[in-house]
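Just so you know, these numbers use all the heavy atoms, side chains as well, and skip hydrogens, waters and symmetry mates. Counting starts at 1 for both ligands and their atoms, in listed order.
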Amino acid sequence: MRMYDIIMKKRNGGELSKQEIDFFIDGYTKGEIPDYQVSALMMAIYFQKMSERETCDLTMAMAKSGDLLDLSRIKGIKVDKHSTGGVGDKTSLALIPMVASCGIPVAKMSGRGLGHTGGTIDKLESFPGFSTALTTEQFIHNVNTVGAAIMGQTADLAPADKKLYALRDVTATVDNMSLIASSIMSKKLAAGADAIVLDVKTGSGAFMKEERDAKALAREMVKIGKNAGRNTIAVISDMDQPLGFAVGNALEVKEAIETLRGNGPDDFTELCLTLGSRMLMAGGAAGNAEEAKEKLQRVIADGSALKKLAEFVEAQGGDKEAVYDTDRLPKASIVCQVPSPQEGYIGHIACDEVGICSLILGGGRETKESRIDLSVGIVLQKKVGDFVSKGEALAVIHANDKGKLKEAEKRFLAACSITRTAPVKKPFIKEIIV
Ligand code: URA
(Lines give C-alpha, C1' and ligand atoms only; values in the text may rest on other atoms or scores of the structure.)
Protein backbone atom coordinates (compact mmCIF):
# COMPACT_ATOMS: atom_id res chain seq x y z
CA MET A 1 0.00 0.00 0.00
CA ARG A 2 1.25 3.49 -0.83
CA MET A 3 0.24 6.79 0.78
CA TYR A 4 0.38 8.42 -2.66
CA ASP A 5 -2.44 6.14 -3.92
CA ILE A 6 -4.56 6.82 -0.83
CA ILE A 7 -4.25 10.59 -1.34
CA MET A 8 -5.13 10.27 -5.03
CA LYS A 9 -8.13 8.04 -4.32
CA LYS A 10 -9.60 10.56 -1.87
CA ARG A 11 -8.69 13.52 -4.08
CA ASN A 12 -10.76 11.90 -6.85
CA GLY A 13 -13.75 11.38 -4.54
CA GLY A 14 -13.22 7.69 -3.75
CA GLU A 15 -14.16 5.94 -0.51
CA LEU A 16 -11.19 4.73 1.53
CA SER A 17 -11.25 1.14 2.79
CA LYS A 18 -10.70 0.24 6.46
CA GLN A 19 -7.26 -1.13 5.49
CA GLU A 20 -6.27 2.15 3.85
CA ILE A 21 -7.42 4.17 6.87
CA ASP A 22 -5.59 1.83 9.28
CA PHE A 23 -2.49 2.07 7.10
CA PHE A 24 -2.23 5.88 7.15
CA ILE A 25 -3.12 6.22 10.84
CA ASP A 26 -0.62 3.55 11.84
CA GLY A 27 2.12 4.98 9.59
CA TYR A 28 1.51 8.54 10.74
CA THR A 29 1.50 7.62 14.45
CA LYS A 30 4.82 5.80 14.02
CA GLY A 31 6.32 8.74 12.12
CA GLU A 32 6.69 6.66 8.92
CA ILE A 33 4.38 8.86 6.86
CA PRO A 34 5.43 12.53 6.63
CA ASP A 35 3.30 15.54 7.60
CA TYR A 36 3.15 16.82 4.01
CA GLN A 37 1.41 13.66 2.75
CA VAL A 38 -1.04 13.59 5.64
CA SER A 39 -1.73 17.32 5.11
CA ALA A 40 -2.59 16.59 1.49
CA LEU A 41 -4.91 13.80 2.57
CA MET A 42 -6.61 16.02 5.16
CA MET A 43 -7.26 18.65 2.48
CA ALA A 44 -8.65 15.98 0.13
CA ILE A 45 -10.95 14.78 2.95
CA TYR A 46 -11.93 18.38 3.65
CA PHE A 47 -13.19 18.83 0.08
CA GLN A 48 -14.40 15.30 -0.76
CA LYS A 49 -15.78 14.45 2.70
CA MET A 50 -16.02 11.00 4.27
CA SER A 51 -18.86 8.51 4.38
CA GLU A 52 -20.33 7.38 7.69
CA ARG A 53 -18.41 4.10 7.41
CA GLU A 54 -15.11 5.86 6.71
CA THR A 55 -15.69 8.22 9.68
CA CYS A 56 -16.31 5.27 12.01
CA ASP A 57 -13.21 3.46 10.71
CA LEU A 58 -11.10 6.61 11.18
CA THR A 59 -12.41 7.03 14.74
CA MET A 60 -11.61 3.43 15.67
CA ALA A 61 -8.15 3.59 14.08
CA MET A 62 -7.32 6.71 16.10
CA ALA A 63 -8.84 5.33 19.31
CA LYS A 64 -6.67 2.22 18.96
CA SER A 65 -3.50 4.15 18.10
CA GLY A 66 -2.54 4.26 21.81
CA ASP A 67 -3.72 2.98 25.18
CA LEU A 68 -7.33 1.95 25.68
CA LEU A 69 -8.26 2.68 29.28
CA ASP A 70 -9.69 -0.38 31.00
CA LEU A 71 -12.30 0.77 33.53
CA SER A 72 -13.69 -2.70 34.19
CA ARG A 73 -12.47 -2.55 37.83
CA ILE A 74 -14.91 0.28 38.48
CA LYS A 75 -18.27 -0.99 39.68
CA GLY A 76 -21.38 0.05 37.80
CA ILE A 77 -22.03 1.69 34.45
CA LYS A 78 -19.42 4.38 33.89
CA VAL A 79 -20.77 7.52 32.24
CA ASP A 80 -18.57 10.18 30.68
CA LYS A 81 -19.59 13.66 29.60
CA HIS A 82 -17.95 15.81 26.97
CA SER A 83 -18.54 19.40 25.95
CA THR A 84 -17.48 20.77 22.58
CA GLY A 85 -16.37 23.85 24.53
CA GLY A 86 -17.62 27.32 25.22
CA VAL A 87 -17.32 30.48 27.28
CA GLY A 88 -18.17 30.19 30.99
CA ASP A 89 -18.62 26.45 30.56
CA LYS A 90 -18.12 25.23 34.12
CA THR A 91 -20.60 22.37 33.71
CA SER A 92 -18.34 19.52 34.80
CA LEU A 93 -17.60 21.26 38.12
CA ALA A 94 -21.24 21.04 39.19
CA LEU A 95 -22.29 18.00 37.21
CA ILE A 96 -19.63 15.58 38.45
CA PRO A 97 -20.65 15.86 42.14
CA MET A 98 -24.37 15.95 41.29
CA VAL A 99 -24.23 12.75 39.27
CA ALA A 100 -21.79 11.02 41.63
CA SER A 101 -23.99 11.73 44.63
CA CYS A 102 -26.85 9.99 42.79
CA GLY A 103 -24.69 6.84 42.70
CA ILE A 104 -23.38 6.98 39.12
CA PRO A 105 -19.57 6.63 38.96
CA VAL A 106 -17.92 9.41 36.98
CA ALA A 107 -14.50 8.62 35.53
CA LYS A 108 -13.51 11.62 33.49
CA MET A 109 -10.53 12.57 31.39
CA SER A 110 -10.25 16.27 30.74
CA GLY A 111 -8.11 18.81 29.00
CA ARG A 112 -6.79 22.29 29.62
CA GLY A 113 -8.16 25.34 27.88
CA LEU A 114 -6.66 26.83 24.75
CA GLY A 115 -7.80 30.10 23.17
CA HIS A 116 -11.05 31.71 24.28
CA THR A 117 -12.57 28.61 25.89
CA GLY A 118 -11.50 27.44 29.34
CA GLY A 119 -10.58 23.93 30.40
CA THR A 120 -12.01 22.01 33.36
CA ILE A 121 -8.57 21.14 34.72
CA ASP A 122 -7.50 24.79 34.88
CA LYS A 123 -10.72 25.67 36.70
CA LEU A 124 -10.29 22.86 39.23
CA GLU A 125 -6.74 23.99 39.93
CA SER A 126 -8.31 27.08 41.53
CA PHE A 127 -8.64 24.80 44.57
CA PRO A 128 -5.18 25.15 46.16
CA GLY A 129 -3.33 21.83 45.86
CA PHE A 130 -5.76 20.17 43.43
CA SER A 131 -4.03 17.82 40.99
CA THR A 132 -5.20 15.77 38.03
CA ALA A 133 -1.85 14.01 37.66
CA LEU A 134 -3.24 10.69 38.87
CA THR A 135 -1.98 7.25 37.92
CA THR A 136 -4.59 4.93 36.43
CA GLU A 137 -4.55 3.03 39.75
CA GLN A 138 -5.32 6.18 41.80
CA PHE A 139 -7.96 7.21 39.26
CA ILE A 140 -9.79 3.89 39.55
CA HIS A 141 -9.39 3.88 43.35
CA ASN A 142 -10.90 7.38 43.64
CA VAL A 143 -13.87 6.51 41.43
CA ASN A 144 -14.54 3.39 43.52
CA THR A 145 -14.25 5.21 46.86
CA VAL A 146 -15.43 8.79 46.21
CA GLY A 147 -17.63 8.10 43.17
CA ALA A 148 -15.78 10.53 40.90
CA ALA A 149 -12.30 11.30 39.63
CA ILE A 150 -10.82 13.46 36.94
CA MET A 151 -7.52 12.86 35.23
CA GLY A 152 -5.50 14.88 32.71
CA GLN A 153 -5.34 13.36 29.26
CA THR A 154 -2.30 11.10 29.02
CA ALA A 155 0.06 11.31 26.05
CA ASP A 156 -0.83 7.75 25.14
CA LEU A 157 -4.54 8.33 24.73
CA ALA A 158 -5.33 8.44 20.99
CA PRO A 159 -1.85 9.77 20.01
CA ALA A 160 -2.85 9.71 16.33
CA ASP A 161 -5.50 12.32 17.06
CA LYS A 162 -3.02 14.45 18.95
CA LYS A 163 -0.69 14.58 15.91
CA LEU A 164 -3.50 14.94 13.42
CA TYR A 165 -5.28 17.71 15.35
CA ALA A 166 -2.06 19.74 15.59
CA LEU A 167 -1.55 19.28 11.84
CA ARG A 168 -5.15 20.23 11.00
CA ASP A 169 -4.81 23.31 13.16
CA VAL A 170 -2.07 24.71 10.91
CA THR A 171 -3.39 23.50 7.55
CA ALA A 172 -6.93 24.98 7.69
CA THR A 173 -8.55 21.55 7.88
CA VAL A 174 -10.12 21.62 11.35
CA ASP A 175 -13.71 22.43 10.43
CA ASN A 176 -14.73 19.26 8.64
CA MET A 177 -17.58 17.38 10.28
CA SER A 178 -16.06 13.89 9.92
CA LEU A 179 -12.65 15.03 11.14
CA ILE A 180 -14.09 16.81 14.20
CA ALA A 181 -16.45 13.94 15.07
CA SER A 182 -13.72 11.29 14.75
CA SER A 183 -11.24 13.43 16.71
CA ILE A 184 -13.57 13.92 19.69
CA MET A 185 -14.97 10.41 19.67
CA SER A 186 -11.59 8.66 19.33
CA LYS A 187 -10.56 10.19 22.68
CA LYS A 188 -13.89 9.41 24.32
CA LEU A 189 -13.83 5.77 23.16
CA ALA A 190 -10.22 5.32 24.28
CA ALA A 191 -11.12 6.74 27.71
CA GLY A 192 -13.21 3.65 28.34
CA ALA A 193 -16.64 4.79 29.63
CA ASP A 194 -19.71 2.63 28.94
CA ALA A 195 -21.92 5.59 28.10
CA ILE A 196 -21.13 9.06 26.76
CA VAL A 197 -23.26 12.19 27.11
CA LEU A 198 -22.18 14.90 24.67
CA ASP A 199 -22.89 18.59 25.18
CA VAL A 200 -22.70 20.08 21.70
CA LYS A 201 -22.68 23.87 21.78
CA THR A 202 -23.95 26.21 19.11
CA GLY A 203 -23.72 30.01 18.70
CA SER A 204 -21.18 32.82 18.68
CA GLY A 205 -19.02 31.29 21.45
CA ALA A 206 -19.05 27.76 20.01
CA PHE A 207 -17.07 25.88 17.47
CA MET A 208 -20.26 25.29 15.50
CA LYS A 209 -21.77 28.74 14.97
CA GLU A 210 -24.81 27.43 13.08
CA GLU A 211 -27.41 25.28 14.79
CA ARG A 212 -27.78 22.97 11.78
CA ASP A 213 -24.01 22.25 11.84
CA ALA A 214 -24.09 21.52 15.58
CA LYS A 215 -26.97 19.10 15.04
CA ALA A 216 -25.21 17.38 12.15
CA LEU A 217 -22.03 17.01 14.25
CA ALA A 218 -24.05 15.65 17.18
CA ARG A 219 -25.80 13.08 14.97
CA GLU A 220 -22.47 11.97 13.53
CA MET A 221 -20.92 11.52 17.01
CA VAL A 222 -23.95 9.65 18.34
CA LYS A 223 -23.75 7.25 15.37
CA ILE A 224 -20.02 6.67 15.94
CA GLY A 225 -20.55 5.97 19.64
CA LYS A 226 -23.39 3.57 19.01
CA ASN A 227 -21.46 1.77 16.27
CA ALA A 228 -18.68 1.28 18.82
CA GLY A 229 -21.17 -0.26 21.26
CA ARG A 230 -21.38 2.73 23.66
CA ASN A 231 -24.67 4.28 24.65
CA THR A 232 -24.22 7.83 23.30
CA ILE A 233 -26.57 10.79 23.72
CA ALA A 234 -26.10 14.39 22.56
CA VAL A 235 -27.67 17.54 23.97
CA ILE A 236 -27.48 20.63 21.73
CA SER A 237 -27.26 23.74 23.92
CA ASP A 238 -26.94 27.47 23.37
CA MET A 239 -23.56 29.19 23.41
CA ASP A 240 -24.66 32.44 21.80
CA GLN A 241 -23.91 34.19 25.10
CA PRO A 242 -21.70 33.00 28.00
CA LEU A 243 -23.10 30.17 30.12
CA GLY A 244 -24.23 31.54 33.48
CA PHE A 245 -22.69 34.85 34.56
CA ALA A 246 -19.07 34.05 35.43
CA VAL A 247 -16.21 33.71 32.92
CA GLY A 248 -12.76 33.02 34.40
CA ASN A 249 -11.37 30.10 36.34
CA ALA A 250 -11.91 30.76 40.08
CA LEU A 251 -14.98 32.90 39.33
CA GLU A 252 -16.55 29.93 37.54
CA VAL A 253 -15.68 27.61 40.43
CA LYS A 254 -17.52 30.00 42.74
CA GLU A 255 -20.56 29.99 40.45
CA ALA A 256 -20.56 26.17 40.27
CA ILE A 257 -20.48 26.06 44.10
CA GLU A 258 -23.42 28.48 44.26
CA THR A 259 -25.27 26.22 41.83
CA LEU A 260 -24.66 23.22 44.10
CA ARG A 261 -26.14 25.37 46.90
CA GLY A 262 -29.27 25.81 44.78
CA ASN A 263 -28.54 29.42 43.79
CA GLY A 264 -27.22 28.88 40.27
CA PRO A 265 -28.05 30.91 37.16
CA ASP A 266 -31.14 29.61 35.29
CA ASP A 267 -29.41 28.57 32.06
CA PHE A 268 -26.54 26.84 33.85
CA THR A 269 -28.87 25.02 36.25
CA GLU A 270 -31.06 23.90 33.31
CA LEU A 271 -28.02 22.55 31.49
CA CYS A 272 -26.76 20.64 34.55
CA LEU A 273 -30.19 19.12 35.12
CA THR A 274 -30.60 18.16 31.44
CA LEU A 275 -27.15 16.60 31.04
CA GLY A 276 -27.30 15.08 34.52
CA SER A 277 -30.67 13.46 33.77
CA ARG A 278 -29.27 11.83 30.66
CA MET A 279 -26.26 10.62 32.66
CA LEU A 280 -28.49 9.10 35.36
CA MET A 281 -30.68 7.42 32.74
CA ALA A 282 -27.64 6.06 30.86
CA GLY A 283 -26.24 4.77 34.16
CA GLY A 284 -29.51 3.07 35.11
CA ALA A 285 -30.24 5.33 38.12
CA ALA A 286 -33.50 6.68 36.68
CA GLY A 287 -36.13 5.43 34.25
CA ASN A 288 -37.05 8.78 32.74
CA ALA A 289 -35.97 12.42 32.64
CA GLU A 290 -38.51 13.59 35.23
CA GLU A 291 -37.41 11.03 37.81
CA ALA A 292 -33.76 11.84 37.09
CA LYS A 293 -34.30 15.60 37.51
CA GLU A 294 -36.03 15.06 40.84
CA LYS A 295 -33.08 13.00 42.10
CA LEU A 296 -30.62 15.67 41.00
CA GLN A 297 -32.66 18.45 42.59
CA ARG A 298 -32.79 16.42 45.81
CA VAL A 299 -28.99 16.08 46.07
CA ILE A 300 -28.71 19.85 45.65
CA ALA A 301 -31.42 20.59 48.22
CA ASP A 302 -30.06 18.22 50.90
CA GLY A 303 -26.45 19.41 50.46
CA SER A 304 -25.07 16.02 49.41
CA ALA A 305 -23.86 17.27 46.01
CA LEU A 306 -21.86 20.07 47.68
CA LYS A 307 -20.43 17.58 50.17
CA LYS A 308 -19.49 15.30 47.26
CA LEU A 309 -17.59 18.17 45.63
CA ALA A 310 -15.61 18.66 48.86
CA GLU A 311 -14.79 14.91 49.02
CA PHE A 312 -13.76 14.89 45.35
CA VAL A 313 -11.53 17.96 45.78
CA GLU A 314 -9.90 16.50 48.90
CA ALA A 315 -9.29 13.11 47.24
CA GLN A 316 -7.29 14.90 44.53
CA GLY A 317 -5.17 16.88 46.97
CA GLY A 318 -7.22 20.10 46.93
CA ASP A 319 -8.29 22.38 49.79
CA LYS A 320 -11.81 21.12 50.55
CA GLU A 321 -12.46 24.05 52.92
CA ALA A 322 -12.55 26.31 49.84
CA VAL A 323 -15.81 24.60 48.85
CA TYR A 324 -17.43 26.04 51.97
CA ASP A 325 -15.40 29.25 52.18
CA THR A 326 -14.83 30.58 48.65
CA ASP A 327 -12.63 33.39 49.99
CA ARG A 328 -9.91 30.74 49.98
CA LEU A 329 -10.01 30.64 46.14
CA PRO A 330 -7.65 32.92 44.14
CA LYS A 331 -8.82 36.56 44.18
CA ALA A 332 -7.93 39.44 41.84
CA SER A 333 -6.63 42.73 43.26
CA ILE A 334 -8.89 44.99 41.15
CA VAL A 335 -12.67 44.55 40.95
CA CYS A 336 -14.32 47.11 38.70
CA GLN A 337 -17.82 47.65 37.26
CA VAL A 338 -18.45 48.24 33.56
CA PRO A 339 -21.28 50.82 33.33
CA SER A 340 -23.70 50.71 30.42
CA PRO A 341 -23.22 53.65 28.00
CA GLN A 342 -26.98 53.74 27.25
CA GLU A 343 -30.33 52.37 28.30
CA GLY A 344 -32.14 49.55 26.51
CA TYR A 345 -32.32 45.77 26.22
CA ILE A 346 -29.29 43.54 25.85
CA GLY A 347 -29.82 42.37 22.26
CA HIS A 348 -26.70 40.26 21.83
CA ILE A 349 -23.42 39.49 23.60
CA ALA A 350 -20.69 38.31 21.21
CA CYS A 351 -19.78 35.30 23.26
CA ASP A 352 -16.33 34.53 21.83
CA GLU A 353 -15.39 38.18 22.48
CA VAL A 354 -16.19 37.76 26.19
CA GLY A 355 -13.89 34.72 26.18
CA ILE A 356 -11.20 36.88 24.58
CA CYS A 357 -11.69 39.52 27.32
CA SER A 358 -10.90 36.84 29.90
CA LEU A 359 -7.87 35.85 27.81
CA ILE A 360 -6.67 39.49 27.73
CA LEU A 361 -6.98 39.67 31.53
CA GLY A 362 -4.68 36.63 31.75
CA GLY A 363 -7.33 33.98 32.43
CA GLY A 364 -6.76 32.01 29.24
CA ARG A 365 -3.96 30.44 27.30
CA GLU A 366 -2.64 31.98 24.07
CA THR A 367 -0.27 29.06 23.53
CA LYS A 368 0.05 25.66 25.18
CA GLU A 369 2.95 26.98 27.28
CA SER A 370 1.16 30.08 28.68
CA ARG A 371 0.67 30.36 32.45
CA ILE A 372 -2.78 31.47 33.40
CA ASP A 373 -4.06 33.74 36.15
CA LEU A 374 -6.81 31.81 37.91
CA SER A 375 -8.23 34.84 39.71
CA VAL A 376 -9.22 37.09 36.80
CA GLY A 377 -12.29 37.23 34.58
CA ILE A 378 -15.66 38.81 34.03
CA VAL A 379 -18.94 38.40 35.84
CA LEU A 380 -21.90 39.50 33.71
CA GLN A 381 -24.58 41.47 35.51
CA LYS A 382 -26.97 41.37 32.56
CA LYS A 383 -27.82 38.66 30.04
CA VAL A 384 -29.52 38.78 26.65
CA GLY A 385 -33.10 40.13 27.01
CA ASP A 386 -32.42 41.99 30.29
CA PHE A 387 -33.13 45.72 30.55
CA VAL A 388 -30.26 48.01 31.53
CA SER A 389 -30.35 51.70 32.54
CA LYS A 390 -27.61 54.12 31.50
CA GLY A 391 -24.73 53.87 34.00
CA GLU A 392 -25.96 50.57 35.46
CA ALA A 393 -23.37 47.78 35.60
CA LEU A 394 -23.27 45.47 32.57
CA ALA A 395 -20.50 43.40 34.11
CA VAL A 396 -17.85 43.33 36.82
CA ILE A 397 -14.25 42.79 35.75
CA HIS A 398 -11.74 41.09 38.05
CA ALA A 399 -8.18 42.03 37.06
CA ASN A 400 -4.63 42.25 38.32
CA ASP A 401 -3.34 44.79 35.81
CA LYS A 402 -4.85 48.23 35.05
CA GLY A 403 -3.78 48.21 31.37
CA LYS A 404 -5.35 44.81 30.77
CA LEU A 405 -8.48 45.93 32.63
CA LYS A 406 -8.92 48.91 30.27
CA GLU A 407 -8.37 46.76 27.20
CA ALA A 408 -10.85 44.12 28.39
CA GLU A 409 -13.45 46.76 29.28
CA LYS A 410 -13.24 48.32 25.82
CA ARG A 411 -13.54 44.96 24.14
CA PHE A 412 -16.43 43.90 26.38
CA LEU A 413 -18.42 47.06 25.60
CA ALA A 414 -17.89 46.46 21.88
CA ALA A 415 -19.18 42.89 22.33
CA CYS A 416 -22.54 44.02 23.79
CA SER A 417 -25.30 45.35 21.60
CA ILE A 418 -28.06 47.30 23.33
CA THR A 419 -31.38 47.60 21.52
CA ARG A 420 -34.59 49.59 22.02
CA THR A 421 -36.82 46.53 21.90
CA ALA A 422 -36.40 43.23 23.72
CA PRO A 423 -34.93 40.47 21.52
CA VAL A 424 -36.96 37.33 20.78
CA LYS A 425 -36.18 34.69 23.42
CA LYS A 426 -34.60 31.53 21.97
CA PRO A 427 -34.75 28.09 23.62
CA PHE A 428 -31.61 27.25 25.58
CA ILE A 429 -31.73 23.50 24.92
CA LYS A 430 -32.15 23.05 21.18
CA GLU A 431 -32.48 19.30 20.84
CA ILE A 432 -31.59 15.99 22.46
CA ILE A 433 -30.34 13.31 20.10
CA VAL A 434 -30.55 9.74 21.39
N1 URA B 1 -12.08 19.21 19.54
C2 URA B 1 -11.38 18.10 19.27
O3 URA B 1 -10.99 17.36 20.18
N4 URA B 1 -11.12 17.82 17.98
C5 URA B 1 -11.54 18.58 16.93
O6 URA B 1 -11.28 18.27 15.80
C7 URA B 1 -12.27 19.75 17.26
C8 URA B 1 -12.52 20.04 18.57
Quiz item: So, D5 and R2, do they make that salt bridge, N to O below 4.0 Å?
Solution: yes

Self-check item: Atom CD of E52 with >12 non-hydrogen neighbours under 6.0 angstrom
Solution: no

Exercise. May I ask you to say whether E220 pairs ionically with K223, meaning some side-chain N is under 4.0 Å from a carboxylate O?
Key: no

Quiz item: When you look for protein heavy atoms under 4.0 Å from ligand 1, which residues do they belong to?
Solution: Y165, R168, I180, S183, I184, K187, F207

Quiz item: Charged N to carboxylate O below 4.0 Å: is that the case for R230 and D80?
Solution: no

Practice problem: Just jot down the ring pair (Phe, Tyr, Trp, His ring centres under 6.0 Å) partners of Y165, sequence neighbours excluded, or say none. | Solution: none

Practice problem: Find out whether K383 and D267 are in side-chain contact, i.e. whether some heavy atom of one side chain is under 4.5 Å from a heavy atom of the other. | Solution: yes

